[in-house]
Amino acid sequence: MKLIRVKDYDDMSRKVANIISAQVILKPNSVLGLATGTTPIGAYKQLIDWYHKGDVDFAEVSTYNLDEYRGLTGDDPQSYRYFMNTQFFDHIDIDKANTHVPDGSNPDIEEACSSYDKMVKDAGYVDLQLLGIGRNGHIGFNEPADAFSKGTQCVDLTESTIEANSRLFDDPKDVPRQAYTMGVQTIMNARMIVVAATGEDKAQAVHDMVFGAVTPQCPASILQLHTNCVVVADDAALSLCPEQ
Ligand code: F6R
């Protein structure tokens with residue numbers, strides 16, 4: 001794992017955008033694995049800015065998002081599809097037909113998961129996977145568990161994740177209790193992984209991801225076994241880590 005220490009959120013956003021931008025410039029038809037949440041918003045903004053300046057374009061790029069709430073349709077403002085459209089895809093030249101998010105509106109768990117796995121596999125897996133990290137070490141919605149997950153699965157969200165996500169909902173009762181998420185094995189199939197983290201509330205998770213035992217109790221810890229994984233984290237998120 002390579003650690004890149006940054007000053008703050010803006011610094012992290014620019015560095016992450018730089019890495020994604022380099023990937024797309026070097027391979028215009030890149031397959032990107034994307035994340036939602038608060039962490040990547042600044043990087044998406046930066047990429048939109050560079051797109052408008054003519055520095056990078058996404059015409060040939062295809063994307064696979066990590067996760068989606070089960071039970072929400074893509075036009076629901078709380079859905080991750082809606083988030084991706086409004087925060088990123090609507091502002092660049094990507095062909096929306098080439099952007100993929102698990103289908104939260106599909107009630108058939110088996111079908112929703114296997115069809116997403118097939119799409120990612122048929123795309124040849126992901127060139128660059130962008131990840132945030134949960135306070136409990138989750139990646140995607142792969143929560144602490146007794147075993148690492150493999151393909152796309154339907155998960156019950158933990159109370160800590162529901163609570164963390166409730167800030168984005170008008171009424172905490174509206175936070176969905178289940179989600180479809182890409183599995184850990186699929187994430188590990190990405191040829192490069194970039195984990196972004198800022199803030200003190202991520203410090204324990206970042207420490208355990210980088211320096212802890214590799215255990216499904218901290219799903220992100222498996223990234224220690226990836227041969228091309230970069231962590232871009234600010235001083236606050238690295239505050240429990242030994243100085244490098
Ligand atoms: C989002 C995702 C989650 C988030 C994580 C951190 O698609 O898969 O694992 O990356 O919960 O969320 P933020 O960035 O809001 O702190």
Side-chain angles (χ1 to χ4, degrees), residues 6 8-10 12-13 16-17 20 32-45 63-70 72 74 76 78-89 99-104 116 120 126 128-145 148-149 152-169 172 175-184 186-188 190 193-206 208-209 216 218-223 229-234 236-238:
V6 295
D8 52 24
Y9 183 84
D10 288 344
M12 179 204 71
S13 299
V16 168
I20 296 173
L32 300 180
L34 297 179
T36 59
T38 314
T39 308
I41 292 176
Y44 294 150
K45 277 206 179 84
T63 65
Y64 290 85
N65 260 78
L66 286 165
D67 40 20
E68 178 62 282
Y69 288 120
R70 179 164 182 255
L72 299 191
D76 187 313
Q78 303 294 354
S79 73
Y80 284 175
R81 159 54 77 182
Y82 188 91
F83 174 102
M84 289 309 300
N85 286 349
T86 53
Q87 298 291 335
F88 194 30
F89 301 150
T99 67
H100 307 87
V101 180
D103 182 4
Y116 202 63
V120 181
V126 164
L128 186 156
Q129 176 68 57
L130 175 61
L131 296 177
I133 180 169
R135 290 182 299 194
N136 61 4
H138 72 225
I139 48 174
F141 270 131
N142 297 286
E143 304 278 18
F148 290 110
S149 61
T152 304
Q153 53 165 349
C154 178
V155 291
D156 296 327
L157 304 184
T158 61
E159 281 310 317
S160 87
T161 299
I162 291 167
E163 191 242 295
N165 292 3
S166 64
R167 71 189 190 283
L168 305 169
F169 287 75
V175 186
R177 271 29 192 181
Q178 285 189 315
Y180 292 128
T181 182
M182 212 184 248
V184 170
T186 311
I187 292 171
M188 288 293 282
I193 297 181
V194 180
V195 189
T198 54
E200 232 178 283
D201 61 334
K202 301 292 175 70
Q204 189 66 53
V206 169
D208 295 350
M209 165 176 68
C218 175
S221 64
I222 199 166
L223 300 172
C229 178
V230 179
V231 178
V232 185
D234 68 1
L238 290 171

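Atoms within a ligand are numbered from 1 in the order they appear, just like the ligands themselves.
Atom 16 (O) of ligand 1 has K202 NZ, 2.6 Å as its closest protein atom, hydrogens excluded (heavy atom only). Nearest protein neighbour of atom 8 (O) of ligand 1, counting heavy atoms only, is D67 OD2, 2.6 Å. T36 OG1, 3.2 Å is the protein heavy atom nearest to atom 1 (C) of ligand 1. Looking only at heavy atoms of the protein, atom 10 (O) of ligand 1 is closest to G132 CA, 3.3 Å. In terms of protein heavy atoms, atom 14 (O) of ligand 1 is closest to T39 OG1, 2.4 Å. The shortest contact between atom 11 (O) of ligand 1 and any protein heavy atom is with H138 NE2, 2.7 Å. The closest protein non-hydrogen atom to atom 6 (C) of ligand 1 is I133 O, 3.5 Å.
Within the 3.5 Å criterion, the main-chain N or O of V184 finds a donor-acceptor partner in the side chain of S149.
Considering T158, L66, D156, N165 in turn, N165 is the only one that fulfils the side chain to side chain contact (heavy atoms under 4.5 Å, CB included) rule with F141. Paired with T181 under the rule side chain to side chain contact (heavy atoms under 4.5 Å, CB included), one option of I139, D67, N65 passes, and it is D67. When each of R70, Q153, E68 is tested with Y180 by the rule side-chain hydrogen bond (donor to acceptor under 3.5 Å, both in side chains), just one qualifies, namely R70.
Atom-to-atom distance recorded for F88:CZ and L32:CG is 7.5 Å, nearest 0.5 angstrom. Atom-to-atom distance recorded for M182:CE and H100:NE2 is 10.5 Å, nearest 0.5 angstrom.
Residue contacts with ligand 1: G140 is placed with a nitrogen or oxygen under 3.5 Å of a nitrogen or oxygen of the ligand (distance criterion only).
Residues R81 and T99 are in side-chain contact: their nearest non-hydrogen atoms beyond the backbone lie under 4.5 Å apart.
Neither the backbone nor the side chain of R135 has a heavy atom within less than 4.0 Å of ligand 1. In T38, the parts holding a heavy atom less than 4.0 Å from any atom of ligand 1 are both the side chain and the backbone.
Listed by number with element, the atoms of ligand 1 under 4.0 angstrom from any heavy atom of L66 are 8 (O). Atom numbering of ligand 1 starts at 1 in the shown order; those under 4.0 Å from a heavy atom of G37 are 14 (O), 15 (O).
Between A205 and G137, the closest heavy-atom pair is CB-N, 3.9 Å.
Ring-plane geometry between Y80 and Y69 is classed as tilted, the angle between the planes lying from 30 to 60 degrees on a 0 to 90 degree scale.
Within the structure, ligand 1 has R167 among the residues with a heavy atom less than 4.0 angstrom away.
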